[in-house]
Amino acid sequence: TSPTAVTHSIADDDSNCLKTSGVRSQDCPSHSRTSLQSSHLWEFVRDLLLSPEENCGILEWEDREQGIFRVVKSEALAKMWGQRKKNDRMTYEKLSRALRYYYKTGILERVDRRLVYKFGKNAHGWQEDKL
DNA sequence: CGATTCTTTCCTGATT
DNA sequence: TAATCAGGAAAGAATC
C-alpha cells in the first residue's frame, strides 16, 4: 500500500559519502584512506579542501587564489572531524569555535560571510604551488 | 612534573 | 525560527 513512495530525499543526508556507492574501491592509488591524517584542525580542513575524493562536497573553494573557502555541509564537516578525533559529540558549533581561535594566530582570516573562511599568513600548504 | 599550545565544552547574546 | 557568529571562561589532551 501507500503508493506514495515518493522517492527518498533528493538531498539525502551525507552521512557517509564514499562507500555504499558504486565507487570503485581502488581509484586513487596515491593517497586516500578514508581519513586524512592531520593533527590540527586547520590542516585537516586544508587537506580536505585539497582532496576532492574525500571531500564530497563538504568544502568548496570560493577563491582558490586568495584561499577563501566555504563550508558547504557544516554538519558533515563536524562529523568527519569528530571521526578524526574519535569524538562523536563534535558539532559545527564547537568546531567553529576552534576555527575562530585561529583568527588570533593568523592561521585564518575573517570573512564577512556565513560559513566562509580564508587562510591567513600563518597557514601554509594550501596554495596551488606556493613558490 | 610543569608549561604551553591547541581543542573541546558551555554559555550568553547578536545577527542573518 | 533555526543557523551562525562572537568571544569569554574553564577543562581536557597532547607535547615538550
Side-chain angles (χ1 to χ4, degrees):
Chain A
T1 58
S2 64
T4 45
V6 184
T7 108
H8 17 327
S9 37
I10 300 172
D12 63 32
D13 42 2
D14 42 62
S15 308
N16 33 9
C17 28
L18 35 78
K19 74 174 26 174
T20 64
S21 297
V23 181
R24 290 164 158 46
S25 11
Q26 311 176 344
D27 255 337
C28 10
S30 302
H31 45 287
S32 72
R33 203 88 261 163
T34 39
S35 51
L36 302 171
Q37 213 54 74
S38 341
S39 50
H40 294 149
L41 177 57
W42 75 270
E43 297 175 310
F44 177 79
V45 169
R46 175 198 63 191
D47 297 345
L48 211 47
L49 224 27
L50 262 34
S51 53
E53 283 73 34
E54 314 291 347
N55 191 313
C56 16
I58 289 177
L59 293 173
E60 179 179 286
W61 285 109
E62 282 259 318
D63 189 319
R64 187 61 207 273
E65 306 290 288
Q66 297 190 67
I68 300 174
F69 60 94
R70 184 170 80 257
V71 178
V72 181
K73 301 178 181 178
S74 58
E75 286 183 54
L77 177 62
K79 284 177 183 172
M80 286 193 82
W81 176 236
Q83 284 176 43
R84 174 69 190 65
K85 298 289 292 295
K86 296 192 185 317
N87 175 2
D88 54 340
R89 280 105 49 196
M90 184 49 59
T91 64
Y92 178 70
E93 270 286 292
K94 293 186 284 190
L95 184 157
S96 62
R97 180 68 188 91
L99 249 31
R100 289 195 290 277
Y101 270 130
Y102 284 139
Y103 295 146
K104 287 186 181 304
T105 56
I107 293 294
L108 292 180
E109 283 177 25
R110 186 167 292 161
V111 173
D112 182 43
R113 270 184 277 153
R114 282 191 150 196
L115 301 169
V116 179
Y117 299 86
K118 171 180 178 176
F119 286 118
K121 316 176 183 59
N122 298 326
H124 55 269
W126 56 270
Q127 295 182 73
E128 208 84 84
D129 52 9
K130 174 72 175 195
L131 300 184

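Protein chains get the first letters and strands the later ones, always in sequence-line order, with residue 1 at the start of each. Just so it is clear, the model here is predicted, and its values are computed rather than measured.
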Check your understanding: Starting at NZ of A/K85 and ending at P of B/dC6, how long is that distance when rounded to a whole Å?
Key -> 13 Å
Revision key, fill the gap. The answer to which of A/T105 and A/R100 contacts DNA chain B further toward the 5' end, by nearest nucleotide, is A/T105
**Study point:** Within-4.5 Å side-chain heavy-atom neighbours: A/L108 and A/K118
**Key:** no
Check your understanding: When you measure from the side chain of A/Q66 to the backbone N and O of A/D63, does any donor-acceptor pair fall under 3.5 Å?
Key -> no
Study note, to complete from the structure: By nearest-heavy-atom nucleotide on DNA chain C, the more 5' of A/S74 and A/R97 is A/S74
Exercise for review: First locate atom NZ of A/K73, then atom NZ of A/K79, and finally report the distance between them rounded to the nearest 0.5 Å.
Suggested key: 11.0 Å
**Study point:** Phosphate OP1/OP2 of B/dT7: any A/W42 side-chain N/O under 4.0 Å
**Key:** no
Review point. At under 4.0 Å, does any side-chain N or O of A/Y102 touch on OP1 or OP2 of B/dC6?
Key: no
Check your understanding: Nearest-Å distance, CG (A/L77) to P (C/dA3)?
Key -> 16 Å
**Study point:** Nearest-Å distance for atom pair OH/P, residues A/Y103 and C/dT4
**Key:** 14 Å
Practice item. Would you sort out whether A/F119 and A/R46 count as a side chain to side chain contact (heavy atoms under 4.5 Å, CB included), showing the intermediate values? Key: CA-CA 9 Å; A/F119 286 118; A/R46 175 198 63 191; 3.9 Å; yes
Review point. Over how many whole Å does the gap from A/N122 atom CG to B/dT5 atom C1' extend?
Key: 14 Å
Check your understanding: Does A/Y117 make a side-chain N or O approach to OP1 or OP2 of C/dC5 shorter than 4.0 Å?
Key -> yes
Exercise for review: List in chain and number order the residues that pass side chain to side chain donor-acceptor pair (under 3.5 Å) with A/R64, two or more places apart in sequence or in another chain; answer none if no residue qualifies.
Suggested key: A/E128
Practice item. Applying side chain to side chain contact (heavy atoms under 4.5 Å, CB included), run through A/V72 and A/L115 and close with a yes or a no. Key: CA-CA 7 Å; A/V72 181; A/L115 301 169; over 6 Å; no
**Study point:** N or O in side chain of A/K94 less than 4.0 angstrom from B/dT8 OP1/OP2
**Key:** no
**Study point:** Protein-nucleotide distance (A/M90, atom CE; C/dG12, atom P), rounded to Å
**Key:** 15 Å
Check your understanding: Which side chain to side chain donor-acceptor pair (under 3.5 Å) pairs, counting each pair once, include a residue from residues 101-111 of chain A, with sequence neighbours left out?
Key -> A/R97-A/Y101
Check your understanding: Charged N to carboxylate O under 4.0 angstrom, A/R113 versus A/E62?
Key -> yes
Practice item. May I ask you to say what A/L115 touches in the nucleic acid, namely base, sugar-phosphate or nothing, with a heavy-atom cut-off under 4.0 Å? Key: sugar-phosphate
**Study point:** Whole-Å distance separating the NE2 atom of A/H40 from the P atom of C/dA14
**Key:** 12 Å
**Study point:** Minimum-distance nucleotide (side-chain atoms of A/R110 versus C/dA6, B/dT9, C/dC5)
**Key:** C/dA6
Check your understanding: Looking at five pairs on each end of the helix from B/dG2-C/dC16 to B/dT16-C/dA2, what is the angle between the two axes, given to 10 degrees?
Key -> 20°
Check your understanding: When you check the phosphate oxygens OP1 and OP2 of B/dT9, does a side-chain N or O of A/N87 lie under 4.0 Å from one of them?
Key -> yes
Review point. Please give, in whole Å, the distance from B/dC6 C1' to A/I107 CD1?
Key: 11 Å
**Study point:** Rounded interatomic separation in angstrom, taking CG from A/L108 and P from C/dA6
**Key:** 12 Å
Check your understanding: If you pin A/Y101 and A/E93 to their nearest nucleotides in DNA chain C, which one's is more 5'?
Key -> A/E93
